[in-house]
**Student:** 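Quick one: this structure, given as structure tokens, is what I'll be asking you about.
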Number of protein chains: 2
Amino acid sequence: MAAQTAALTGLARVNLRQQALTALRRAITTGALAPGTHLVETELSEQLQVSRGTLREALRQLQQEGLVSAGPRGWLSVRTLGAPEVLDVFAVRAALESMAVRTLSRREDRAAVVTALRERVRAMEQVVDRPLEDRVEADLDFHRALCELTGNATLLHTWQALEGSIRMSIMWAGTERAVSNMRVDRHAAIVDVIDAGDVTAAVDCVQAHMDEAAANLVS
Amino acid sequence: MAAQTAALTGLARVNLRQQALTALRRAITTGALAPGTHLVETELSEQLQVSRGTLREALRQLQQEGLVSAGPRGWLSVRTLGAPEVLDVFAVRAALESMAVRTLSRREDRAAVVTALRERVRAMEQVVDRPLEDRVEADLDFHRALCELTGNATLLHTWQALEGSIRMSIMWAGTERAVSNMRVDRHAAIVDVIDAGDVTAAVDCVQAHMDEAAANLVS
DNA sequence: AGGTGACCCACTGTCGACAGTCAACACTGG
DNA sequence: CCAGTGTTGACTGTCGACAGTGGGTCACCT
């Protein structure tokens with residue numbers, strides 16, 4: 001019996017709402033569902049093969065994530081992002097991540113944090129030759145880790161609520177403009193200042209990183 | 001006709017989901033639904049006289065707002081807040097509002113902003129003798145206005161996603177500890193530094209205000 | 001032509017019911 | 001007594017159907 005239980009792993013049972021949510025989020029952040037597209041519940045539920053009720057729950061969440069916006073009569077459409085919105089998103093993102101590095105660089109036991117972050121930087125290095133999609137993933141992993149490592153669950157949660165909008169911003173800007181934000185050395189620099197424990201330098205570094213990223217995207 | 005349209009205001013037609021959402025949020029933030037309470041869909045739908053589907057959409061939103069947390073089997077319960085969580089919430093809140101005042105105090109045309117804020121401060125003055133509930137409302141109005149006046153919709157949206165948690169924190173702390181955070185002069189000071197246009201002073205002021213508020217709540 | 005009323009159509013809002021799942025408890029053979 | 005096995009009850013997950021609503025169209029009246 002022991003041999004069996006060792007071989008058998010728990011089944012991944014994820015409910016339809018979650019699946020629908022993931023599928024929709026992906027469709028939107030990859031551009032498969034173009035901004036402005038009117039989302040008709042009956043159509044989507046048929047395409048995804050889920051009931052409208054289930055679909056609606058997923059749509060509500062996307063709405064709160066800011067990927068989907070509501071029209072006057074409750075009609076939903078894929079949110080249209082423009083330069084001003086992108087700047088807004090990145091301004092808030094900068095505020096959150098600034099707070100994260102301020103917290104991290106104040107910690108006494110930040111050695112472990114630095115180790116974990118360097119791991120992420122290494123992951124970024126390994127995908128420099130891969131398609132943009134993978135690089136974005138590694139980039140966001142790094143930034144998410146910044147929030148996660150603070151141990152502040154609210155911070156992580158808030159950041160993740162922005163994640164969809166961030167992905168949309170990157171997609172909206174297009175490959176050429178996005179790629180310059182994935183530079184590994186810029187991220188390594190952030191880890192270095194955290195390591196050094198210089199709070200103001202760390203905050204400035206992240207703020208600059210974000211300002212530059214936003215400027216690149218809307219340029 | 002013009003006279004009529006001026007007098008006639010649009011009828012408040014709010015769907016059941018919204019009503020359920022508001023009712024639940026209120027019940028939680030006032031403590032009518034105590035933290036840790038297991039939320040049974042069938043019970044709630046019967047109490048609120050809405051179908052389970054409608055109720056579920058409202059619950060999902062509350063879940064994302066952090067007022068409701070999910071157990072292992074999809075079971076929902078009112079989130080239990082402790083001192084660490086309160087500090088986390090207020091740390092994120094401080095980051096957001098700091099960013100708001102930084103933005104505001106940099107604006108050339110901040111005179112209008114200052115006017116609007118002083119209006120809110122005046123509103124706070126007028127409710128000093130009223131019950132705590134009203135004072136909290138005025139206080140949050142002020143802080144929400146900080147975010148709103150930046151014109152950054154993402155910032156406002158993010159702040160509002162935290163609003164429920166903030167209210168829970170205040171309720172959790174109890175009247176005595178919460179009341180000292182409603183001091184009018186502390187808020188007037190914030191407006192003053194924005195007016196002066198001193199960016200670093202403004203940020204420090206808000207940060208101090210938030211630190212103090214959080215410390216008061218968990219003391 | 002201009003306005004008006006009666007339709008229809010494409011949606012969203014809302015509901016009640018069925019199916020699936022887990023924990024707890026009763027049960028049964030050793 | 002007890003390990004392992006039905007059984008039950010209390011939930012959540014999911015679904016299909018009906019009702020309501022605003023926009024569009026088209027004949028009709030003036």
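Owing to the predicted nature of the structure, the values given are computational and were not obtained by experimental measurement. All chains are named by letter (A, B, ...) in the order of the sequence lines, taking the proteins before the strands, and each is independently numbered beginning at 1. Heavy-atom basis, side chains included; hydrogens, waters and symmetry copies ignored.
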**Student:** Rounded to the Å, how far apart are E46(B) CD and dA10(D) P?
**Tutor:**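 Rounded to the whole Å, the gap is 14 Å.
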**Student:** Roughly, in whole Å, what's the span from CD in E43(B) to P in dC11(D)?
**Tutor:**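 Computing the E43(B):CD to dC11(D):P distance gives 6 Å.
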**Student:** Give the rounded distance in Å between these two atoms: CZ of R17(A) and P of dT12(D).
**Tutor:**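 Taking atom P of dT12(D) as the reference, CZ of R17(A) is at 12 Å.
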**Student:** V50(B): which residues meet the side chain to side chain contact (heavy atoms under 4.5 Å, CB included) condition with it, sequence neighbours left out?
**Tutor:** L16(B), L48(B), T54(B), L55(B)
**Student:** For Q207(A), what residues pass the side-chain hydrogen bond (donor to acceptor under 3.5 Å, both in side chains) criterion, not counting sequence neighbours?
**Tutor:**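 Per chain and number, Q207(A) pairs via side-chain hydrogen bond (donor to acceptor under 3.5 Å, both in side chains) with S98(A).
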**Student:** Would you please name every residue forming a side-chain hydrogen bond (donor to acceptor under 3.5 Å, both in side chains) with E119(A), sequence neighbours left out?
**Tutor:**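 side-chain hydrogen bond (donor to acceptor under 3.5 Å, both in side chains) list for E119(A), sorted by chain: R122(A).
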**Student:** Quick one: CD on Q61(B) to CG on L67(B), what's the gap to the nearest 0.5 Å?
**Tutor:** 10.0 Å
**Student:** Can you list every pair that meets salt bridge (charged side-chain N to carboxylate O under 4.0 Å, His left out) and has a residue in residues 45-64 of chain A, with sequence neighbours left out?
**Tutor:** R17(A)-E57(A), E41(A)-R52(A), E41(A)-R56(A), R56(A)-E57(B), E57(A)-R56(B), E57(A)-R60(B), R60(A)-E57(B)
**Student:** Contact list please: residues 35-42 of chain B against DNA chain C, heavy atoms, distance less than 4.0 Å, in numerical order.
**Tutor:**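 Contacting residues: none.
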**Student:** Would you mind listing every salt bridge (charged side-chain N to carboxylate O under 4.0 Å, His left out) that reaches into residues 82-105 of chain B, with sequence neighbours excluded?
**Tutor:**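 Of all non-adjacent pairs touching residues 82-105 of chain B, those that pass salt bridge (charged side-chain N to carboxylate O under 4.0 Å, His left out) are R93(B)-E97(B).
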**Student:** How long is the line joining CG of L76(A) and C1' of dT12(C), in whole Å?
**Tutor:** 9 Å
**Student:** For R106(A), give me all partners under side-chain hydrogen bond (donor to acceptor under 3.5 Å, both in side chains), at least two apart in sequence or on another chain.
**Tutor:** none
**Student:** Between S51(A) and dC15(D), is there a side-chain N or O to OP1/OP2 distance below 4.0 Å?
**Tutor:**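 Yes, S51(A) has a side-chain N/O under 4.0 Å of OP1/OP2 on dC15(D).
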**Student:** When you get a sec, tell me which of dG13(D), dC11(D), dC15(C) is the closest nucleotide to the side chain of L16(B)?
**Tutor:** dC15(C)
**Student:** Identify, with sequence neighbours excluded, every residue that meets ring pair (Phe, Tyr, Trp, His ring centres under 6.0 Å) alongside H157(A).
**Tutor:** none
**Student:** So which pairs with a foot in residues 65-78 of chain A pass salt bridge (charged side-chain N to carboxylate O under 4.0 Å, His left out), sequence neighbours left out?
**Tutor:**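 Checked against salt bridge (charged side-chain N to carboxylate O under 4.0 Å, His left out) - neighbours excluded - the pairs reaching residues 65-78 of chain A are R25(A)-E65(A).
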**Student:** Mind checking Q18(A) for me? I need base, sugar-phosphate or nothing, with any heavy atom below 4.0 Å counting as a touch.
**Tutor:**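 No contact.
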**Student:** Contacts to DNA chain D from residues 55-72 of chain B, heavy-atom cutoff under 4.0 Å, which residues?
**Tutor:**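 The stretch gives R56(B), R60(B) as the residues lying under 4.0 Å from the strand, ordered by number.
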**Student:** As a quick check of understanding, evaluate side chain to side chain donor-acceptor pair (under 3.5 Å) for D139(B) and H187(B), giving each step before the final call.
**Tutor:** CA-CA 9 Å; D139(B) 177 64; H187(B) 293 80; 2.7 Å; yes
**Student:** What N/O pairs connect the protein and nucleotides 18-20 of chain D at under 3.5 Å? Give each pair on its own line.
**Tutor:**
none

**Student:** Round to the nearest Å and state the distance from N15(B) atom CG to dT21(D) atom P.
**Tutor:**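 Rounding to the nearest Å, CG of N15(B) and P of dT21(D) are 12 Å apart.
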**Student:** Which residues satisfy the side-chain hydrogen bond (donor to acceptor under 3.5 Å, both in side chains) test with N15(A), sequence neighbours excluded?
**Tutor:** none
